[in-house]
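Shown next, in structure tokens, is the structure this report addresses.
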Amino acid sequence: MNSKDGMRYMELVDVYEKLDSTTKRLEKTTILADFFRKIGGEDPELLPVVTLLSLGRVFPTWSEEELGIASKLLMNAMALVAGVRPEDVEDMMRDAGDIGTAAELLLGKKKQATFFTVPLTIQKVHSNLMKIADISGNRSQYKKMEILRELFSSASPEEAKYITRTVLEELRVGVGEGTIKDAIAEAFSVEKGVVERAHMLTNDLGLVSEVAKEEGVEGLKKLSLKPGKPVKPMLAQLSPGIRESVEEMGWALCETKYDGIRVQIHRSGDEVNIFTRRLENISNAVPEIIEYIEEALPHEDFIVEGEIIVTKDGKPISFQYILQRVRRKYEIEKMREQVPLKLYLFDVLYYHGPQIDTPFEDRRKILESMVDVMEDKLQLSNQVKATPEDIWRAEDLFTESLKGGHEGIMIKDPHAPYMPGIRGKKMLKRKAEPETLDLVVVGGTYGKGKRAHFIGSYLLAVQDENNELKTIAHAATGLDDQMLLELSEMVEPLITKKTGRRVEIVPSIILEIAYSEIVKSPEYESGYSLRFPVVKRVREDISIEDIDTVERVESMFKDVQTL
DNA sequence: TTTGTCTGCCCC
DNA sequence: ATTCTGC
DNA sequence: GCAGAATGGGCAGACAAA
């Protein structure tokens, strides 16, 4: 069946629908495993592609390719195909709560006209999506839309739904890397741990599925850590409390948590490369870091990790500045003068062979042996050892960290191996208690998926000296299902205007909002905004005259160090 | 040439 | 990034 | 406790429109 043209995309769509119809992970795993096995038998070359598409991805993690299409361009393309205005698509999206469903509806109407079309194959969909990433320059948006148009015109409404979701990389069928790994293990009868490890080291589940099928456990075990090939960084969980965490570990190594960007630095032969958390190569943007590494570390292969921050007179300054450096392609030398960087190293993954299975305590010693510290340029993270008996060491470090303008502390299990991509209990973070503001709701945006028929995000304002309201942030997180419903019911009758997914409302509902930091913002009327806003509660006990003011926000911002 | 909008497995 | 939810 | 999904601010770069 289909042996000549390859498997139909519709078969994959059926799998998506099945996945979407259950919330049980075990069922999802089996559905996927069965499908992977089937592909492996009928069309093995397709296996890596199907693995990626099942994750809602077109390219593997390590790839630098980008589609350059998101909701706006996609809506334009849909409007083009369906012969309606982009605004109509947006309205439809708001009402359907999902751009995929909107595509399904729009193309369903169109469909009767074009009856004879060649059925889409999985290969065709994937290769066309890959083509999109190669298009750039003048009229590129038009050319990208043409490719989408071609796909849509031979797609059934159901297929269109999943093509749009794939383009946006929000498949939303309850499948992520965890489920895919389980499914590969189940499909090809290999241990889950082996799959997990192979994934850690390659960042390519497509490759992992292929190797699992073709070579089994032996093949997977051959995949290894190599300088030059980035791996996903190990991630930290929130600590419930310093004492509790240290006690649970027995004893802990605690370090200052620097507020910058996490980097993984590889030396392979003569080449030094710097990767971000998402494995983007930013070596060109931060030349001085390369120079520091050349000077301070051995000229041998290694992988080390650290945090790059911006400092002024040795003191850390606001996180915002580093964003001017990370993805910069032009005027790098000029910005190098204006926004000087400092690197704090805190881990090693490879030196004289892989070290990820070495306990953290020993990795730190290896790192110390590797580095010649450069004042103001490159240092090791500030570290103390804490036990339940001398827990004050950790607590003091925390206080000192905040006083010094840093973000808090990391609490690390000295016995833990380095677990790429894992967010576990072996590495914890503790940050300052958030501050709060009382703000009034002046608008909102309708959500997607679970929040399709609710306002998924609220626009908030402070008042100025003339009691005029000035916007300051949106908040969306912190709302549980019940509060989401209640708030939506309160807001509905207050809506004065709807534009696409956005609404304006009569100001009257007051929310207490927690946040980590006030930042300067050109986007909001107040001139300021909030980092990590979280809704805490509805304040029914105060009235609109009592909300916080621009003046107060301004005075609180003064504490932040700027260039 | 300048301005405005959109995009990013972006960074956090 | 933070937070909530189903398993 | 994990995995997944829903959402935050801000930056540079890439295009399109003016």
Side-chain angles (χ1 to χ4, degrees), chain A residues 22-28 52 55-74 76 136-142 144 168-182 203 232 235 237-238 259-263 276-280 282 285 307-308 318-331 335 407 422-425 429 431 434 445 447-452 454 456-458 460 472-484 513-524 528-536:
Chain A
T22 174
T23 51
K24 296 185 170 61
R25 272 199 69 213
L26 292 175
E27 265 179 48
K28 288 181 197 279
L52 281 176
L55 265 172
R57 308 252 168 83
V58 178
F59 300 103
T61 316
W62 48 263
S63 168
E64 309 245 316
E65 305 265 14
E66 289 174 348
L67 293 184
I69 298 181
S71 59
K72 297 290 179 184
L73 245 184
L74 194 56
N76 287 344
S136 68
N138 200 229
R139 304 227 318 144
S140 60
Q141 294 189 347
Y142 174 77
K144 287 178 180 185
L168 295 184
E169 298 193 288
E170 39 174 58
L171 205 50
R172 223 162 43 212
V173 292
V175 169
E177 290 183 344
T179 312
I180 298 281
K181 281 185 271 187
D182 289 350
N203 281 303
K232 281 196 201 158
L235 303 170
Q237 259 180 22
L238 280 177
D259 190 12
I261 63 153
R262 175 97 174 257
V263 287
T276 62
R277 190 158 110 70
R278 292 291 213 258
L279 314 186
E280 195 148 331
I282 56 160
E307 187 93 1
I308 299 177
S318 172
F319 169 79
Q320 279 180 281
Y321 291 101
I322 200 166
L323 294 174
Q324 299 177 5
R325 296 287 317 264
V326 253
R327 302 191 79 200
R328 178 170 290 278
K329 289 170 79 170
Y330 311 105
E331 300 192 293
M335 289 308 279
E407 212 185 2
I422 302 292
R423 189 186 295 277
K425 284 179 306 184
K429 56 182 167 185
K431 302 212 224 177
T445 311
K448 305 181 197 181
K450 205 171 72 160
R451 296 191 180 185
F454 298 117
S457 171
Y458 289 91
L460 304 156
I472 185 166
H474 288 87
T477 189
L479 298 161
D480 60 24
D481 289 354
Q482 194 199 334
M483 206 174 178
L484 210 53
I513 303 294
Y515 64 93
S516 75
E517 195 181 3
I518 290 168
V519 294
K520 273 251 185 264
S521 169
E523 282 303 303
Y524 290 95
Y528 295 94
S529 191
L530 309 177
R531 179 138 86 134
F532 310 145
V534 175
V535 180
K536 296 318 274 188

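Chain letters run A, B, ... following the sequence lines, proteins first, then strands; residues in each count from 1. The basis for the numbers below is simple: all heavy atoms, side chains too, and nothing from hydrogens, waters or symmetry mates.
Helical stems involving DNA chain D, defined as 3 or more consecutive Watson-Crick or G-U pairs under 3.5 Å, span B:1-8 with D:11-18, B:10-12 with D:8-10, C:1-7 with D:1-7.
Residue contacts shown for A/G56 are absent, as no nucleic acid heavy atom lies under 4.0 Å away. Residue A/R262 is classed as a sugar-phosphate contact, given heavy-atom separations below 4.0 Å to backbone atoms only. Using a 4.0 Å heavy-atom cutoff across all strands shown, A/R328 reaches sugar-phosphate atoms only and no base atom. Using a 4.0 Å heavy-atom distance criterion, A/V58 is classed as making no nucleic acid contact. Using a 4.0 Å heavy-atom cutoff across all strands shown, A/K181 reaches no nucleic acid atom at all. The residue A/S516 sits apart from the nucleic acid: no heavy atom pair falls under 4.0 Å.
Residues A/K448 and A/S521 each lie close to DNA chain D; by heavy-atom proximity, the contact nearer the 5' end of the strand is made by A/K448. Each of A/G447 and A/S140 was assigned the nucleotide of DNA chain D with the nearest heavy atom; the assignment lying further toward the 5' end belongs to A/G447. Both A/R531 and A/T61 sit near DNA chain B, but only A/T61 has its closest nucleotide nearer the 5' end.
Following rounding to the nearest Å, A/L323 (CG) and B/dG8 (P) show an atom-to-atom distance of 17 Å.
Residue A/R277 has a polar side-chain atom (N or O) positioned under 4.0 Å from OP1 or OP2 of C/dA1. Residue A/K28 places no side-chain N or O under 4.0 Å from the OP1 or OP2 atom of C/dC7.
Every salt bridge (Lys or Arg N to Asp or Glu O under 4.0 Å) that A/R327 has, sequence neighbours left out, goes to A/E66, A/E280. Contacts of A/R25 classified as side-chain hydrogen bond (donor to acceptor under 3.5 Å, both in side chains), with partners at least two apart in sequence or in another chain: A/T179, A/D182. Judged as a side-chain hydrogen bond (donor to acceptor under 3.5 Å, both in side chains), and not counting sequence neighbours, A/Q320 has no contacts. With sequence neighbours excluded, the residues that form a ring pair (Phe, Tyr, Trp, His ring centres under 6.0 Å) with A/Y524 are A/H474.
Smallest separation of non-hydrogen atoms from A/V326 and A/A285: O-CB, 3.3 Å. Residues A/L168 and A/L74 share a closest heavy-atom pair of CG-CD2, 3.6 Å.
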Problem set entry | Stepwise side-chain contact (heavy atoms from CB on, under 4.5 Å) test for A/L479 and A/Y458 | CA-CA 11 Å; A/L479 298 161; A/Y458 289 91; 4.0 Å; yes
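Protein chain A touches strand DNA chain D; the 5'-most and 3'-most nucleotides with an atom under 4.0 angstrom of its non-hydrogen atoms are D/dG1 to D/dA16.
By the neighbour-count criterion of 12 heavy atoms within 6.0 Å, atom CD of A/Q482 is sparsely surrounded, having that number or fewer from other residues, nucleotides or ligands.
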